[in-house]
Amino acid sequence: MSESHLWDTVDDYFTAHLAQDDEALRAALRDSDAAGLPQIAVSPTQGKLLRMLAELQGARTALEIGTLGGYSTIWLARALPADGRLVSLEYDPKHAEVAVRNIARAGLDKVVEVRVGAALDLLPRLADENPAPFDVVFIDADKANNPHYLEWALRLTSAGSLIVVDNVVRGGRVADADADAPDVVGTRKAIEMIGSHPRLSGTAVQTVGSKGYDGFALARVLA
């Protein structure tokens, strides 16, 4: 059995026992595929982890940077109370259209608001609204801008908030000093910012599974 096939097999086992999906989640993936969206949504076990992290936070509010088809959005929103709020930012109008339908079908349209546009344009407008600090921020958009998204996450959170940055391994290139692709450089800067910023305490975890070799970073806001 090849290494990648073994990863898939183990992921399938964990998913079957620990992160079972339902029709709303399956439909979100089907509709995303049918619309031609890239197949880069989080895996079911990763989605379940997002939900559990938000539940452990006792989260009432969440910010997601990068909606895609709304699959991760559904997992995350399900951790929030009925009067909670999740703001999700999506650059591509086509992706946002698919996501809005998927979120509504999951019965979460009263909790989730999808905003369309470049996140670095939308985030200042969101800050101008002076929202209550977000309890959880999930960053899963263009990796070159990860440090900028992290800076905005700090502005929009408070002590005790949790920030999750996805896809930080970049196939191992994040640790290669000679790798200078924008996604690697942006991710590396975000990791180094987490490690050095006085308001953050963080770690990163490498993962394998149906999404291949990857990983995520977690950062807790200290003050």
Side-chain angles (χ1 to χ4, degrees), residues 28 32 35 37-38 40-42 50 53-54 57 59-104 106 108-168 182-183 185-187 189-190 193-194 197 199-200 202 217-223:
S32 295
L37 273 61
I40 55 174
V42 300
L50 274 178
L53 288 171
Q57 281 289 104
R60 299 187 60 84
T61 58
L63 171 64
E64 180 180 51
I65 303 176
T67 317
L68 195 61
Y71 184 77
S72 60
T73 318
I74 293 170
W75 276 109
L76 189 52
R78 285 178 170 176
L80 305 182
D83 61 347
R85 184 192 189 201
L86 192 161
V87 178
S88 189
L89 311 181
E90 174 53 47
Y91 175 76
D92 191 311
K94 178 182 177 182
H95 295 181
E97 182 180 346
V98 173
V100 167
R101 291 198 303 267
N102 288 334
I103 291 162
L108 294 165
D109 47 316
K110 298 294 192 296
V111 175
V112 178
E113 177 189 2
V114 178
R115 301 189 180 189
V116 184
L120 292 180
D121 293 333
L122 297 175
L123 287 163
R125 298 174 201 165
L126 178 60
D128 286 344
E129 298 169 15
N130 195 30
F134 288 99
D135 300 312
V136 176
V137 178
F138 180 44
I139 299 173
D140 190 16
D142 57 306
K143 312 310 174 186
N145 280 313
N146 272 345
H148 304 302
Y149 298 148
L150 186 57
E151 289 170 356
W152 277 107
L154 271 171
R155 297 186 197 185
L156 291 164
T157 54
S158 61
S161 296
L162 182 68
I163 302 169
V164 183
V165 186
D166 204 10
N167 308 127
V168 298
D183 64 314
V185 173
T187 299
K189 287 181 178 179
M193 180 179 172
I194 291 171
H197 200 287
R199 290 186 58 210
L200 292 172
L218 294 175
R220 189 164 180 82
V221 180
L222 301 178

**Student:** Any donor-acceptor pair under 3.5 Å linking the side chain of R220 with the backbone of G160?
**Tutor:**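 The answer is yes, because a donor-acceptor pair under 3.5 Å joins these two groups.
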**Student:** Judged by atom type as modelled, is there a donor-acceptor pair below 3.5 Å linking the side chain of D166 to the main-chain atoms of D140?
**Tutor:** no
**Student:** What are the two closest heavy atoms between L89 and A119, and how far apart are they?
**Tutor:**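 Closest pair (atom of L89, atom of A119, distance): CD1-CB, 4.2 Å.
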**Student:** Can you check whether D135's main-chain N or O pairs, donor with acceptor, with T61's side chain at less than 3.5 Å?
**Tutor:** yes
**Student:** Show the nearest heavy-atom pair for residues V136 and A54, with the distance to one decimal.
**Tutor:**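 Scanning both residues, the minimum pair turns out to be CG2-CA, 4.0 Å.
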**Student:** Given side chains that start at C-beta, do those of T67 and Y91 come closer than 4.5 Å, heavy atoms only?
**Tutor:** no
**Student:** If you compare all heavy atoms of I194 against all heavy atoms of A219, which two are closest, and at what distance to 0.1 Å?
**Tutor:** CG2-CB, 4.0 Å
**Student:** Would you say the side chain of R60 lies within less than 4.5 Å of the side chain of D83, judging by non-hydrogen atoms?
**Tutor:** yes
**Student:** Can you measure from NZ (K143) to CG (N167) and round to the nearest 0.5 angstrom?
**Tutor:**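 Answer rounded to 0.5 Å: 4.0 Å.
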**Student:** Under 3.5 Å, side chain of E90 to main-chain N/O of A96, donor-acceptor pair present?
**Tutor:** no
**Student:** Check whether any side-chain heavy atom of W152 sits under 4.5 Å from a side-chain heavy atom of P124, and report yes or no.
**Tutor:**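 Counting from C-beta outward, W152 and P124 do come under 4.5 Å.
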**Student:** Judged by atom type as modelled, is there a donor-acceptor pair below 3.5 Å linking the side chain of D142 to the main-chain atoms of A144?
**Tutor:** no
**Student:** Check whether any side-chain heavy atom of V137 sits under 4.5 Å from a side-chain heavy atom of T157, and report yes or no.
**Tutor:**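 The answer is yes; the side chains approach within 4.5 Å.
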**Student:** Are any non-hydrogen side-chain atoms of V87 and R115 less than 4.5 angstrom apart?
**Tutor:** yes
**Student:** Among I65, V42, I163, whose side chain to side chain contact (heavy atoms under 4.5 Å, CB included) with F138 holds?
**Tutor:**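 Of I65, V42, I163, side chain to side chain contact (heavy atoms under 4.5 Å, CB included) with F138 is met by V42 alone.
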**Student:** Please determine whether a side-chain nitrogen of the Lys or Arg among R101 and E97 lies less than 4.0 Å from a carboxylate oxygen of the Asp or Glu.
**Tutor:**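 Looking at R101 and E97, the cut-off is met.
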**Student:** Please name the pair of heavy atoms, one in P131 and one in L126, separated by the smallest distance, quoted to 0.1 Å.
**Tutor:** CD-O, 3.2 Å
**Student:** Is there side-chain contact between N146 and K189, with at least one heavy-atom pair below 4.5 Å?
**Tutor:**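 No, every pair of side-chain atoms sits at 4.5 Å or beyond.
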